[in-house]
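All chains are named by letter (A, B, ...) in the order of the sequence lines, taking the proteins before the strands, and each is independently numbered beginning at 1.
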2 protein chains.
Amino acid sequence: MKATIYDIAKATGVSIATVSKVLNNTGRISEATRKKVLNAIEELGYEKSAIASALAGKNTYTIGFLLPDINNPFFAEVARGAEDAAFERGYSVLICSTDHREEKERSYLKTLRHKRMDGLVIATGTTPRETLEELMDEGVRIVLMSREIPGALIGSVMVDNHRGGQLAAEHLLSLGHRKIGLIMEPLSIGSAHDIFRGFQKAAEGTDAELFVSKETGFGIEAGARLAGEMLARHEVTALFAANDELAVGVLQACRERGIRVPEDLSVVGYDNTILSRIVTPALTTVAQPIYELGRRTVHLLMDGIENENQPKNREVLEPRLIVRESTAPPPIHR
Amino acid sequence: MKATIYDIAKATGVSIATVSKVLNNTGRISEATRKKVLNAIEELGYEKSAIASALAGKNTYTIGFLLPDINNPFFAEVARGAEDAAFERGYSVLICSTDHREEKERSYLKTLRHKRMDGLVIATGTTPRETLEELMDEGVRIVLMSREIPGALIGSVMVDNHRGGQLAAEHLLSLGHRKIGLIMEPLSIGSAHDIFRGFQKAAEGTDAELFVSKETGFGIEAGARLAGEMLARHEVTALFAANDELAVGVLQACRERGIRVPEDLSVVGYDNTILSRIVTPALTTVAQPIYELGRRTVHLLMDGIENENQPKNREVLEPRLIVRESTAPPPIHR
DNA sequence: TTGAAAGCGCTACCAT
DNA sequence: ATGGTAGCGCTTTCAA
C-alpha cells in the first residue's frame, strides 16, 4: 500500500506530529530530523493525501468553474486562462458546463459543495443572488466573471462591455452607417445588456436608426436565423452581433442570400474568439481579453481563499476594437 | 456550522451507523427509521462530505482528464463529451492541459494522485509507458484516448485513424489528384502516425506521388508555414492536413498567394471541428466522432472504477469523410 | 434491524 | 525541538 505519515514516522523514529510539521513547514524542527524525515519521504515514495489533509481542516486546492459550455470558443479560452492561473499556484479546476440550465447549475453547485471546493468562479449569467449569498454564508469563496450583482459584496472581474458596445457603434457610425441591426443575446444576461446599452448610448443624438432583433439567441444557427429575419424586415446597411458566433451566423446568412460583406453589408462581432479570425471575410470585432479574464478571475479567487476572506474587489478589463475585413462604408444608393 | 451525520443521528435518536446506512442504501433499515432519518436530513439541510467519505474508503467521484490544451476546438469538444458522461453518473472532471510538455504532465499526474482521483483519462500522446504502469500498480484506473500501448493492458477508445487516412487519400485520388502534399503532426503521436500510414496505404500501387512536409506542427500558423514551404517546393494539386487547424493554415497560405481553393488546389482536413465548418471554402475533412470519443472514454473509465478493475477493452470508433467545398478535380494543365 | 467502535491519513493544540 | 492525542466526517465490520 501507499506510505502514510505513520510509515515515515516509524522509519524515522519520530512522531507523526513531527512528520506533519516538516511536511507543512510549520513549528520548529531541527535541521537533523528534518533531513531524516525528508530522506524517508524520498525513500518510501511517500505522498501526502490531499483528502486526509482536507478533512483535517486544510484546503482542497480545487476550485469549481461554472460556465455555460466548455465547448464554446470563448469559454474554452477563459477556461485555459483559469487553468493556467490555478496551476501556477497549485490549484486544480473542476469544469462545470451548465448549458444555461438552472437545474444543471443547481446540481453542480451541490456537488461542488459536497466536494468542499475552496472556491467557485461563476461565469454563468443567471445564478440567483440568494443562492450565491447562501454559498458565501457557508464560507464558500466566490468570484463572478463578466457579471456583477449590485449591492452584493462579491468580487468580480469583468470587461467594460458598455464601452465595448460603444466601440462597435462608433466604428459603424464613423463609417457612415445609419441603419444598423443588432442581433443580441438575451438581455437578461448582464454582459449582453451592457453591450446593448453602450451601443445605444453611442448612437444617441445621432440620426442613426437601430433595429433590435425581436428574438435573441446564442449560436451560429441562431445568428443565421435572426439575421435572415432582420434582413427581411429592415433595410439595414450594417449588422452588429453580440458575440462572434452569432456574427458567423450572420455571415452565413449573407452568403446564402448573395449579400456581399462588407460591400453590401457590414458586420461587426464581439469577443474576438478564434472564429472571428478564421472566417472569411475576417470579422471586425470587439476584443475581450478572454484569456486574461480567466486568469484574473481565478487569481482574485485564490487571493481570497488564501487570505481567508471573501473577495470583494471589482476588476474591470478594457475591450478594444479590432478592425478586419467585414466592415466598410455603406453602399451608395441612388 | 454544517450538519454532520452526528447531528442527524442525534436529531433522530439513532446511531451514525444507521444514518450512514440510509445514506448509502446499505444494510437493512426499517421503513420507519429510514423515513425519520430522511426527514432529519431534509430538515437540517444535511449534505454528505465527499471528502470524509473518500477518506473512509469510498470513491472521490472525480476523474482527471489529461489533454494537450482545453483551448483547442478538438479537445474542447472531447472534454464536453467527457464532462457530460461524467455528469450523468455523478462524477466530476478535472481538466489538465499539458501543452505537450512532459514536466507539466508529470506535475499534474502527481497532483491527481494526491487528490485520489478515481481514475484518469489520458488524451496526451506521450506519457511514458512506465509511468502508466506505475499508476496502474498503485490502483489508479486509466483509460487512453486516441492512443494505445501495444501489449499494455490499458483500456482505450480510439478512432480508426488508419481508415481515416485512407478515406482522405481515396477521396483525393478518386478526384484525380496524383501529386499530393501532406502537412503532418509529429509522427511520434500515434494518431498522426496512423493517419499517415492509412494515407500511404491507399496511395500504394497507384501512380500518385506523395510529398510529406519535412517539418511538422500543430496550429494554424504552423499549417500556413508548412503549406508555404510545400507549395514552394513541389507542384502538388492537393494538400492534406492531419488536423483542421493545420488545414485552416493551409487555406490562409493559399489566400495569401492568390491560390484558389479548390480550383487551383484541393485541401482536405482532419477532425471535423467547428473550424472546418465555418471557414471559406468550407473544408472537406475526415470527421472523428469527437464528442462521442470523449463520452465513450469516460464511460469506459467509470465502468472500470465501478467494477473495481482496470479497464482493458479497446473500443474503436469509425471516422467518415465529409465532402464540402475545398476539394475538386485537379486543374487541367496543358 | 440497530449500534459500538475501529479506522481512513492528516492537522493542530497542548504538553513535555 | 518533539510527541501525545483529539478530532475532521464518514464507512464498515462485528455484536447485540
Presence of [X] side-chain N/O under 4.0 Å of [N] phosphate oxygens OP1/OP2:
{"X": "B:T26", "N": "D:dT11", "answer": "no"}
{"X": "B:S49", "N": "D:dC8", "answer": "no"}
{"X": "A:S20", "N": "C:dT11", "answer": "yes"}
{"X": "A:K21", "N": "D:dG3", "answer": "no"}
{"X": "B:S15", "N": "C:dG3", "answer": "yes"}
{"X": "A:T18", "N": "D:dG3", "answer": "yes"}

Q: Please check if the distance between the ring centroids of A:H100 and A:F218 is under 6.0 Å.
A: yes
Distance check needed: [N] [atom2] versus [X] [atom1], whole Å only.
{"X": "A:R34", "N": "D:dG3", "atom1": "CZ", "atom2": "P", "result": "14 Å"}
{"X": "B:I51", "N": "D:dT11", "atom1": "CD1", "atom2": "P", "result": "13 Å"}
{"X": "B:I41", "N": "D:dC10", "atom1": "CD1", "atom2": "C1'", "result": "13 Å"}
{"X": "A:N59", "N": "C:dA12", "atom1": "CG", "atom2": "P", "result": "10 Å"}
{"X": "B:H114", "N": "C:dG9", "atom1": "NE2", "atom2": "P", "result": "14 Å"}
{"X": "B:K10", "N": "C:dT2", "atom1": "NZ", "atom2": "P", "result": "20 Å"}
{"X": "B:R28", "N": "D:dT13", "atom1": "CZ", "atom2": "P", "result": "15 Å"}
{"X": "B:E47", "N": "D:dC10", "atom1": "CD", "atom2": "P", "result": "11 Å"}

Q.
With nearest nucleotide decided by heavy atoms, which residue, B:I16 or A:L23, maps closer to the 5′ end of DNA chain C?
A. B:I16
Name the closest nucleotide to the [X] side chain, picking from [options].
{"X": "A:T33", "options": "D:dT2, C:dC10, D:dC10", "result": "D:dT2"}
{"X": "A:N24", "options": "D:dT11, C:dT11, D:dT2", "result": "C:dT11"}
{"X": "A:A17", "options": "D:dT11, C:dA5, C:dA12", "result": "C:dA12"}
{"X": "B:K58", "options": "D:dT12, D:dG9, C:dA12", "result": "D:dT12"}

(Q) When you measure only distances, ignoring hydrogens and angles, does the side chain of A:K2 come within 3.5 Å of the base of C:dG9 through a donor and an acceptor? (A) no
Q. Taking N and O atoms by type only, does the side chain of B:Y6 place a donor or acceptor under 3.5 Å from a partner on the base of D:dC8?
A. no
With a 4.5 Å heavy-atom cut-off, do [X] and [Y] have their side chains touching?
{"X": "B:I154", "Y": "B:M136", "result": "yes"}
{"X": "A:S188", "Y": "A:H193", "result": "no"}
{"X": "B:R141", "Y": "B:D118", "result": "no"}

Q: Give the angle between the helix axes at the two ends of the helix from C:dT1-D:dA16 to C:dT16-D:dA1, taking five base pairs at each end and rounding to 10°.
A: 40°
Q) Is B:E102 atom CD crowded by more than 12 heavy atoms from other residues, nucleotides or ligands, each under 6.0 Å away? A) no
Q. In terms of side-chain geometry, is the basic nitrogen of A:E88 or A:R295 positioned less than 4.0 Å from the acidic oxygen of its partner?
A. yes
Q) Is a side-chain donor-acceptor pair under 3.5 Å present for B:E148 with B:S156? A) no
Q) Do any N or O atoms from the side chain of A:Q288 and from the backbone of A:V159 form a donor-acceptor pair under 3.5 angstrom? A) no
Base, sugar-phosphate, or nothing: which does [X] touch, judged by heavy atoms less than 4.0 Å apart?
{"X": "A:V19", "value": "nothing"}
{"X": "A:L55", "value": "base"}
{"X": "B:I5", "value": "base"}

Q. Quick one: does NZ or CZ of A:K104 land under 6.0 Å from the six-membered ring centre of B:F87, within 45 degrees of the ring axis?
A. yes
